[in-house]
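Worksheet: the structure to be examined is printed underneath.
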Amino acid sequence: MIIVLKNADEKAIEIVSKEIESKGLTPHVSKGKERTIIGAIGDERLLDVDRLKSLPCVEKVMPILSPYKLVSREFYPENTIIKVNGFEIGSDKVIMIAGPCAVESEKLLLETAHAVKKAGASILRGSAFKPRTSPYDFQGLGEEGLKIMKKAKEETGLPIETEVMDTRHVGLVAKYVDILRIGARNMQNFDLLKEVGRVNKPVILKNGVASNMKEFLMAAEYIMSEGNSQVILCNRGIRSYEPELRFPVLSGMTSLLKQKTHLPVIVDPSHSTGKKSLIAPVSRAAIAEGADGLIVEVHSCPKEAKCDGPQQLTPPEFEKMMVELKKVATAVGRGV
Ligand code: PEP
Ligand code: MN
């Protein structure tokens, strides 16, 4: 249920919140300029709607029809803007997150970090824990990789993001990085979602390759329901019948997500396509459609990469793409 208050002061907000709590539900308050919206999360049938309507400053009481509540635009009609070390995700500028698939060595990471910064990236990506299809493939450097990421942040000033795969690592990862990432394989790892929901840092949540939009948004709801509202949705495409396209980003999905939720939506052209030649076209399309950012794999020597070599751009390729993307962003009224 959402309760809309007009020109409400703290007292009015408290009265409504107490009424919600008295029925065993949890109030979530979002203050706008003129209106304050209080979401009552829990068993809505227990609420006394007539009583709520009679409380001071209450303008209307509406049920949230979607199964996801906190993530829905019905609950919070404005765009959520997430601030990371001076950068805003979800505002006018398209945010570029770039870096290698995995942190492989200090030398390679620092080279790539400086290169992506020079080309205009705002955030450095790099995984220290790798979810690999084969247990015999490179699994990541673990904490050593996190330390290297931190060093790259100190040298370049770029905020850093990395994947967290295990509930036992959430505290450790959160200690090192600015943004946590939940990968496609863990989109429905509910314990992990709850754990990152208790961290006060932004979380990039990638969709599972065989999940539908509702399941994706319910996963985001898990994070938000624990109190972390800094969720960035990442559209990384879904499994299709066309192996040449790997996991296509559906045309319209970014827009649909932005219509259904108030959360920023970024696109991953690298894991979606799996091939260098498609990264720039898919990125251009994503920005034209309204993505708030991209997360792109860049490696200073992709031929020697320990994972995802065929999809990692070289720094010059990334720089060239950035020039094109700036034009697209400008054409649709945004900057990069
Ligand atoms: C990644 O971004 O490093 C990754 C493994 O992607 P995904 O979880 O989308 O497969
Ligand atoms: Mn990768």
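Counting convention: from 1, in listed order, for ligands and their atoms alike. Computed from a predicted model, the values in this text were never measured in an experiment. All residue numbers refer to positions in the sequence shown, counting from 1.
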Do Lys306 and Phe138 meet the cation-pi criteria used here (NZ or CZ under 6.0 Å from the six-membered ring centre, within 45° of the axis)? yes
Numbered atoms and elements of ligand 1 in range of Gly183, under 4.0 angstrom, heavy atoms: 8 (O)
Where does the angle between the aromatic ring planes of His262 and Tyr76 fall among parallel (under 30°), tilted (30 to 60°) and perpendicular (over 60°)? perpendicular
Measure the distance from atom 8 (O) of ligand 1 to every protein heavy atom, then report the residue, atom name and distance (to 0.1 Å) of the closest one. Ala184 N, 2.8 Å
Name of whichever N/O/S atom of Glu297 is nearest to the Mn ion (ligand 2): OE2
Identity and separation of the nearest protein heavy atom to atom 4 (C) of ligand 1: His271 NE2, 3.5 Å
Among protein heavy atoms, which lies nearest atom 3 (O) of ligand 1, and at what distance? Arg125 NH2, 2.8 Å
Heavy atoms only: give me the nearest Ala184-Asn207 pair and the separation to one decimal. CB-O, 3.3 Å
I need the SG(Cys101)-the Mn ion (ligand 2)-OD2(Asp308) angle, rounded to 10 degrees. 100°
The Mn ion (ligand 2) -> His271, closest N, O or S atom is NE2
Is it true that the side chains of Asn79 and Arg73 contain a donor and an acceptor less than 3.5 Å apart? yes
Within a distance under 4.0 Å of any heavy atom of Ser127, pick out the atoms of ligand 1 and give their elements. 3 (O)
Measuring from atom CD1 of Ile82 to atom NZ of Lys201, what distance do you get when rounded to the nearest 0.5 angstrom? 14.0 Å
What residue and heavy atom of the protein are closest to atom 10 (O) of ligand 1, and at what distance? Arg236 NH2, 2.7 Å
Between Lys130, Glu297, Lys206, which one has a non-hydrogen atom sitting closest to atom 7 (P) of ligand 1? Lys206
Specify whether an N/O/S atom of Cys307 falls short of 2.8 Å from the Mn ion (ligand 2). no
Before giving the answer on side-chain contact (heavy atoms from CB on, under 4.5 Å), spell out for Glu88 and Lys93 the whole-Å C-alpha distance, their side-chain angles and the decisive distance to 0.1 Å. CA-CA 8 Å; Glu88 286 188 343; Lys93 261 187 90 181; over 6 Å; no
For Arg181, counting its heavy atoms only, list the atoms of ligand 1 lying under 4.0 Å from any of them. 1 (C), 2 (O), 3 (O)
Check step by step if ring pair (Phe, Tyr, Trp, His ring centres under 6.0 Å) holds for Phe247 and His271. CA-CA 7 Å; Phe247 300 107; His271 293 92; 9.3 Å; no
Atom pair CD1 (Ile3) and CZ (Arg35), whose distance is rounded to the nearest 0.5 Å: 15.0 Å
